[in-house]
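These notes are about the structure you will find just below.
Below, read A as the first sequence line, B as the second, and so on, with proteins coming before strands; counting in each chain starts at 1. The figures here come from the full heavy-atom set of this structure, side chains too, leaving out hydrogens, waters and symmetry mates.
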Protein chains: 4
Amino acid sequence: MAQTDTVTRILDTAEVLFAERGFAETSLRNITSKAKVNLAAVNYHFGSKKSLIQAVFARYLDPFTERFHAALDELEAEYQGRDIPLETLLESMARTVLEVPAERNSLKVFMRLLGLAYSQAQGHLRRYIQEHYGSVFTRFTELVRRATPELPDAERFWRLHFVLGSVIFTLSGLDALRDIAEQDYGEQVTVRDLIRRMRPVVVSAMHAPLPEPAESVA
Amino acid sequence: MAQTDTVTRILDTAEVLFAERGFAETSLRNITSKAKVNLAAVNYHFGSKKSLIQAVFARYLDPFTERFHAALDELEAEYQGRDIPLETLLESMARTVLEVPAERNSLKVFMRLLGLAYSQAQGHLRRYIQEHYGSVFTRFTELVRRATPELPDAERFWRLHFVLGSVIFTLSGLDALRDIAEQDYGEQVTVRDLIRRMRPVVVSAMHAPLPEPAESVA
Amino acid sequence: MAQTDTVTRILDTAEVLFAERGFAETSLRNITSKAKVNLAAVNYHFGSKKSLIQAVFARYLDPFTERFHAALDELEAEYQGRDIPLETLLESMARTVLEVPAERNSLKVFMRLLGLAYSQAQGHLRRYIQEHYGSVFTRFTELVRRATPELPDAERFWRLHFVLGSVIFTLSGLDALRDIAEQDYGEQVTVRDLIRRMRPVVVSAMHAPLPEPAESVA
Amino acid sequence: MAQTDTVTRILDTAEVLFAERGFAETSLRNITSKAKVNLAAVNYHFGSKKSLIQAVFARYLDPFTERFHAALDELEAEYQGRDIPLETLLESMARTVLEVPAERNSLKVFMRLLGLAYSQAQGHLRRYIQEHYGSVFTRFTELVRRATPELPDAERFWRLHFVLGSVIFTLSGLDALRDIAEQDYGEQVTVRDLIRRMRPVVVSAMHAPLPEPAESVA
DNA sequence: GATGAATGAGGTTTCATTCAT
DNA sequence: AATGAATGAAACCTCATTCAT
């Protein structure tokens with residue numbers, strides 16, 4: 001009881017502060033004082049700041065991975081060896097991404113964290129994510145490959161990263177952009193809205209015509 | 001001479017380190033020791049770390065703004081009031097973005113910096129960029145608006161940011177991605193290749209069908 | 001059973017770590033984690049780190065004291081009031097020192113601990129040893145006094161400490177020295193060898209001519 | 001001026017506290033607060049606590065090494081290739097050891113430090129001393145070899161370490177021993193007295209008869 | 001009898017900045 | 001114009017110990 005409480009309070013506070021300011025700009029003091037927890041508690045429960053950062057991610061990515069694997073299992077069962085259409089795959093991923101943080105009302109935080117994982121140095125984090133969650137991404141990539149046989153492998157690789165960039169960039173910089181959008185267009189945008197907007201863009205991007213071949217001289 | 005030298009050495013070193021590790025993770029000591037410059041020199045020449053960060057950006061964004069304004073001037077003169085096609089506008093922007101750092105062989109650094117400007121907290125930086133360089137972007141946005149009359153304003157706003165995200169994300173993480181691509185597909189990708197590949201994707205993205213309207217209940 | 005086990009495991013681990021690194025450099029965490037024992041167990045069973053240190057010494061010094069008293073009893077019985085020769089006294093001490101740790105194969109540890117007791121601050125330890133084991137040493141010293149009537153008391157005091165220093169220093173640093181000796185002279189030295197080598201040196205040292213008197217001006 | 005002052009104050013304070021309590025038991029806060037110097041000054045001037053410890057030793061050992069080399073140069077010149085007698089060599093070393101700290105009235109501190117260097121873990125310190133000052137010791141050892149041709153090499157090696165142990169042990173534990181001696185024998189002992197007392201003991205120890213050969217079975 | 005959780009004190013180090021020269 | 005010295009704040013982490021269970 002007491003433990004769960006402390007550990008959870010630390011994680012809850014940490015993820016919010018990390019999302020707001022980044023890792024380096026958030027000190028353990030910031031976290032523990034806001035969480036009303038002893039300063040040493042972080043090191044006691046997590047061992048180090050690095051491990052805390054990883055734990056914050058794990059709390060999202062563990063259930064995400066599990067559910068996404070399950071969702072892909074279902075799809076594969078449903079399609080019985082036939083190729084799953086790209087739209088369905090993307091749909092399934094989007095749904096899972098939305099599901100996990102929905103239970104804690106922290107979708108925005110999760111998105112910011114994903115953005116930080118990419119943009120902040122934190123080599124240890126990149127390694128941790130790669131090690132622990134690389135396999136789902138690999139599985140997903142392979143299914144995408146079979147859904148888009150017309151694309152050369154390299155082309156597909158790059159397009160997936162274009163799309164990934166779009167999503168992570170937009171969602172992680174969401175707050176600032178949302179402010180501007182609200183000010184300029186009077187719209188109040190939710191993450192759900194954004195995902196709805198992204199769908200056709202992403203699909204079009206993946207299906208765009210192949211580029212003209214490179215010129216002979218670079 | 002000696003001063004110019006010092007200032008330039010600081011800027012050259014700072015931009016590389018910032019791009020590699022981020023702002024908070026790069027200390028003035030890191031910079032000055034690598035630049036072989038006195039520790040106090042940063043504060044002496046720039047006043048503070050914040051100002052140094054801004055100066056690093058200004059060195060790219062000042063010439064960029066100037067040239068991009070000039071390029072748009074040319075286009076407007078050429079089209080004499082008629083709408084400039086989206087492809088042409090994007091083309092022009094891409095060319096200018098490539099031109100500026102090309103002279104110092106630092107495209108990657110420039111892109112990483114742009115990425116950091118987006119993703120790192122540094123409120124002061126966002127404000128600085130907005131204040132000093134907001135006008136070019138506004139001008140460009142307005143021209144895009146006239147090139148895509150079929151898009152609702154808000155939709156265009158978001159799509160531009162999707163695209164921006166793609167570009168910055170891909171180019172700023174270029175090194176890592178390039179390694180993977182080379183390993184997996186035996187391709188040696190140049191920045192020019194990437195831009196060539198991006199063109200159809202970006203155009204398709206901008207021209208994607210409108211999303212289905214939001215459901216009534218969020 | 002469980003308790004005995006825990007206490008013993010703590011003592012076994014603590015003495016090794018203390019001997020290797022010293023008292024201050026060995027944390028209770030080091031000990032308990034290596035001993036696979038709960039962190040609080042040390043405080044629970046021993047009360048404090050200081051008491052643990054004392055307990056580690058007691059485990060060697062209690063049997064040592066007992067046996068040494070017994071050995072001196074025997075000698076006094078054998079010599080029936082006549083002075084016991086210095087060589088015999090030293091011999092007896094050496095034998096007892098070797099006997100106690102021999103049962104646990106920990107002579108080196110014992111010697112290192114004695115060295116630490118001398119050189120590390122730990123006032124409490126010096127006091128503890130003095131209080132609990134001072135009497136054997138006093139008894140031994142008195143016998144030595146009668147064996148070397150030609151030496152002034154102060155001279156004898158210092159010489160005993162010179163010798164003690166030799167022994168503890170050599171035996172506590174044994175591993176490093178043995179490595180050098182083996183490398184340089186191709187000798188594999190056992191503790192018994194060393195004791196054999198020390199005997200004539202110690203005897204000569206104790207019987208050395210008196211120093212010339214101090215000069216008038218320090 | 002200001003710098004010299006701060007650096008010197010730190011070194012002066014550090015060596016006293018180290019000598020009194022040992023390295024681990026002396027915190028940088030202890031040092032800087034007693035030296036009335038900013039806490040960060042140690043890291044500014046020395047880089048780390050380890051480097052400070054090394055600097056404290058260097059301040060004694062650098063002049064010691066220099067003078068001892070000079071003294072041996074003189075002796076070699078005087079003896080013109082003939083072997084220098086053991087007594088003379090030891091005499092020369094003792095004189096040099098006394099000379100260096102005499103100028104700062106800190107012989108006792110120097111001795112404690114030497115003792116600590118041996119008994120405290122501090123692997124870095126042992127390595128530092130070995131690297132920087134090993135050569136003088138090697139030179140001295142070689143001269144001792146020629147002064148005691150009757151000793152087998154291994155025997156000489158061990159005897160030198162017996163003697164070293166005597167000296168370091170006694171001198172570094174001096175304070176406690178001195179208290180006892182004063183209480184028991186009413187003597188006030190100076191380091192000079194001790195050295196005077198040690199001389200005949202050391203000489204006798206080195207010239208002790210060879211031990212009886214080892215028994216056939218170890 | 002034993003333990004996981006928690007704590008307050010204090011450790012070393014790094015930081016951006018300022019100051020006297 | 002430029003710099004070496006110095007500083008106060010704050011960073012992360014480890015410590016021995018205590019407490020509730």
For [N], give its Watson-Crick or G-U wobble partner with both distances under 3.5 Å, or none.
{"N": "dA10(F)", "result": "dT13(E)"}
{"N": "dG8(E)", "result": "dC15(F)"}
{"N": "dA20(F)", "result": "dT3(E)"}

Atom-pair distance ([atom1] on [X]; [atom2] on [N]), nearest Å:
{"X": "I31(A)", "N": "dC12(F)", "atom1": "CD1", "atom2": "C1'", "answer": "12 Å"}
{"X": "R9(C)", "N": "dA2(E)", "atom1": "CZ", "atom2": "P", "answer": "11 Å"}
{"X": "D5(B)", "N": "dA2(F)", "atom1": "CG", "atom2": "P", "answer": "10 Å"}
{"X": "K50(C)", "N": "dT17(F)", "atom1": "NZ", "atom2": "C1'", "answer": "13 Å"}
{"X": "E25(A)", "N": "dA10(F)", "atom1": "CD", "atom2": "C1'", "answer": "15 Å"}
{"X": "F46(A)", "N": "dG4(E)", "atom1": "CZ", "atom2": "P", "answer": "18 Å"}
{"X": "K49(C)", "N": "dT18(F)", "atom1": "NZ", "atom2": "P", "answer": "15 Å"}
{"X": "L17(C)", "N": "dC15(F)", "atom1": "CG", "atom2": "P", "answer": "12 Å"}

Pair H132(B) + Y128(B): ring centers closer than 6.0 Å: yes
With a 4.0 Å limit, can you tell me whether [X] has a side-chain N or O closer than that to the phosphate oxygens OP1/OP2 of [N]?
{"X": "T6(C)", "N": "dA2(E)", "result": "no"}
{"X": "Y44(B)", "N": "dA1(F)", "result": "yes"}
{"X": "H45(D)", "N": "dA5(F)", "result": "no"}
{"X": "N38(D)", "N": "dG8(F)", "result": "yes"}
{"X": "N43(C)", "N": "dT17(F)", "result": "yes"}
{"X": "R29(B)", "N": "dC15(E)", "result": "no"}
{"X": "S27(B)", "N": "dC15(E)", "result": "yes"}

Of the listed nucleotides dT17(F), dG10(E), dT3(E), the one nearest the side chain of L39(A): dG10(E)
Test applied, side chain to side chain contact (heavy atoms under 4.5 Å, CB included); reference residue, I31(D); option that passes from T26(D), L11(D), L39(D), V37(D): T26(D)
Parallel, tilted or perpendicular, as decided by the 30° and 60° cut-offs, for the rings of F110(A) and Y60(A): parallel
L28(D) or K36(A), whichever maps to the more 5' nucleotide of DNA chain E: K36(A)
5' priority, DNA chain E, between N30(D) and A40(C) [closest heavy atom]: A40(C)
Which atom of A41(B) lies closest to which atom of T6(B), heavy atoms considered: CB-CG2, 4.2 Å
Minimum heavy-atom distance between V42(C) and S48(C), given as atom pair plus value: CG1-O, 4.5 Å
Any side-chain heavy-atom pair of R9(C) and D5(C) under 4.5 Å: yes
